[in-house]
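Beneath this line is the structure, given in structure tokens, with notes to follow.
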Amino acid sequence: MGADIAAHEASLRPLVEALFSKPDARPDGAIGAELELIPVRQTSHSRVGIAATDVGPGTAEIARDTARILDWVENVDAYGAPSWNMPDGGRLCYEPGGQLEIISPVFQSPGPLADFLRATLLALRASSNSAGVSLLTLGADPYNTIDSVALELHAPRYDRMTRYFESIGSSGIRMMRQTASMHVSVELGPQVMGRWRLLNALAPYLIAAFANSGTYAGQPTGYASYRAHLWQTLDSTRTGLPYDATDPVGAYTRFATDAGRILDDDRQHLTTLFPEVRPRGYFEIRSLDALEPDRIDEALRFIWTIVHDHHVADAASSIIGAPDASLLPRAGRLGRSDSEIGARLETLEQLVSESRLSADHF
């Protein structure tokens, strides 16, 4: 058994090393994001699928209406569902439960990224409102139970994920079909492991700062971010903060080795790991609930400034210290009302508000 584990770790190590290596010459300020949306009927609050039914139009029809106005080009994605390419390089596609996902192109600063996400969301909402559909920017479905939300994408990847998660609990399938996030991606930067440490340490504060999913299936959950709770409890072998100061790449390799296998291929296996920050040749920050347009600016400014203003980054590191996985469940449950997290957040936000670099890019 030990030899098998060592062999798996050895085969994964070079793939993990590549995740922490910059693949191109994009400037360090480059930033991108993905924003997920939960579609529900405005009257019944029932979930809306991709295809139309006798109840009303599906989200594909809504997206096509937007595409005609904005000159998006429709395709069929790898999972057999429609997707749309935008003239500026953005995309619209689907998550497993039929959540719409806006994927931005790469921008060189956060202001234009915020403008893109806001404009795309508002255009989709104009079409969805005409169809009697709301596109919710909340971390979790506030109205429906899992039994009433079908798996919309039936590619082998999602069928196997469903079987795997159903075998160990209920959080995994709820995550797949009923959560929505805003993922923010930043470059690895000139000091890769320093940024990796900072972002892992920052994760609980991002959960708390942007939590908006306290209701699920029509009931209060007792969590500031029920989305965060679902992600944290779906499978402890593939979530959390896999950080170690002495050997960061080795720690992530061991994390990948120990994670339960959903897909056999090593490269695909790495895509089924869901830590708060995921290395992908850049850093994908996964700690935020989906956000309304007025909070998108706030989130992007907060992250970008802490990452790129060196004085703010140094001060933030002193305030929040090393990555601390024990803060994750506290952040998900209590949000800003956790006294320690809330006090540190207030200080971080003050640093960001005083940053000249932040002011120059918004």
Can you label the angle between the [X] ring and the [Y] ring as parallel, tilted or perpendicular, going by 30° and 60°?
{"X": "His45", "Y": "Tyr143", "answer": "parallel"}
{"X": "Phe116", "Y": "Phe107", "answer": "tilted"}
{"X": "Trp231", "Y": "Phe274", "answer": "perpendicular"}
{"X": "Trp196", "Y": "Tyr243", "answer": "tilted"}

Q. Around atom CD of Glu346, are there more than 12 heavy atoms of other residues, nucleotides or ligands at under 6.0 Å?
A.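 12 or below, so no.
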Q.
If you count heavy atoms of other groups shown closer than 6.0 angstrom to CD of Glu354, is the number above 12?
A.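 Enclosed.
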Q.
Quick check against the 3.5 Å criterion: does Thr221 have a side-chain atom that pairs as donor or acceptor with the backbone of Tyr223?
A.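 Between the backbone of Tyr223 and the side chain of Thr221 there is a qualifying donor-acceptor contact (under 3.5 Å).
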Q. Just by distance, do the side chain of Thr53 and the backbone of Val55 share a donor-acceptor pair under 3.5 Å?
A.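 Present.
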Q. Is the NZ or CZ atom of Arg238 positioned over Tyr164's six-membered ring, under 6.0 angstrom from the centre and within 45° of the axis?
A.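 The answer is yes, since Arg238 meets both limits relative to Tyr164.
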Side chain proximity check, [X] to [Y], heavy atoms < 4.5 angstrom:
{"X": "Ile207", "Y": "Glu276", "answer": "yes"}
{"X": "Val40", "Y": "Asn144", "answer": "yes"}
{"X": "Asp247", "Y": "Arg254", "answer": "yes"}
{"X": "Leu121", "Y": "Pro293", "answer": "yes"}
{"X": "Leu202", "Y": "Leu348", "answer": "yes"}
{"X": "Thr162", "Y": "Met176", "answer": "yes"}
{"X": "Val186", "Y": "Tyr282", "answer": "no"}
{"X": "Trp84", "Y": "Arg64", "answer": "yes"}

Q. Pairs in or reaching into residues 37-57: which pass salt bridge (Lys or Arg N to Asp or Glu O under 4.0 Å), with residues at least two apart or in two chains?
A.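 Sorted result for residues 37-57: Arg47-Asp141.
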Q: Might you work through the side chain to side chain donor-acceptor pair (under 3.5 Å) test for Thr271 and Arg157, ending with a clear yes or no?
A: CA-CA 10 Å; Thr271 70; Arg157 172 186 177 87; 2.8 Å; yes
Taking only Lys NZ, Arg NE, NH1 and NH2, and the carboxylate oxygens of Asp or Glu, determine whether [X] and [Y] approach each other closer than 4.0 Å.
{"X": "Arg261", "Y": "Asp266", "value": "yes"}
{"X": "Arg195", "Y": "Glu187", "value": "no"}
{"X": "Glu298", "Y": "Arg295", "value": "yes"}
{"X": "Arg13", "Y": "Glu9", "value": "no"}

**Q.** Partner of Thr59 under side-chain contact (heavy atoms from CB on, under 4.5 Å), chosen from Leu100, Leu124, Leu37
**A.**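 It is Leu100; the other options fail the test.
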Q) Do you know which two heavy atoms are closest between Leu135 and Pro39, and how far apart they sit? A)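 Closest approach of Leu135 to Pro39, heavy atoms only: CD2-CB, 3.8 Å.
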Q. What heavy-atom pair brings Ala256 and Leu273 nearest, and what distance separates the two atoms?
A.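 Reported closest heavy-atom pair: CB-CD1, 3.7 Å.
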Could you tell me whether the side chains of [X] and [Y] share a donor-acceptor contact shorter than 3.5 Å?
{"X": "Tyr158", "Y": "Glu152", "value": "no"}
{"X": "Asp324", "Y": "Ser326", "value": "yes"}
{"X": "Thr137", "Y": "Glu292", "value": "yes"}
{"X": "Thr305", "Y": "Ser355", "value": "no"}
{"X": "Asn85", "Y": "Glu74", "value": "no"}
{"X": "Asp77", "Y": "Ser83", "value": "no"}

Q. Of all residues at least two apart in sequence or in a different chain, which pass the salt bridge (Lys or Arg N to Asp or Glu O under 4.0 Å) check with Arg91?
A.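 Expected list: none.
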Q) Per the side-chain hydrogen bond (donor to acceptor under 3.5 Å, both in side chains) rule, which among Thr179, Asp289, Asn212 passes with Arg227? A)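 When side-chain hydrogen bond (donor to acceptor under 3.5 Å, both in side chains) is applied between Arg227 and each of Thr179, Asp289, Asn212, only Asp289 qualifies.
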Q: Go through the steps to decide whether Leu151 and Arg177 satisfy the test side-chain contact (heavy atoms from CB on, under 4.5 Å), and finish with yes or no.
A: CA-CA 7 Å; Leu151 181 67; Arg177 301 184 221 170; 4.1 Å; yes
Q: Would you kindly confirm whether Met161 and Val149 end up in one hydrophobic cluster when ILVMFWY residues are joined by side chain heavy atoms under 4.5 Å apart?
A: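 No, no single cluster joins them.
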Q | Qualifying residue, where the test is salt bridge (charged side-chain N to carboxylate O under 4.0 Å, His left out) with Glu349 and the options are Arg344, Arg336, Arg301 | A |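 For Glu349, the salt bridge (charged side-chain N to carboxylate O under 4.0 Å, His left out) check succeeds only for Arg336.
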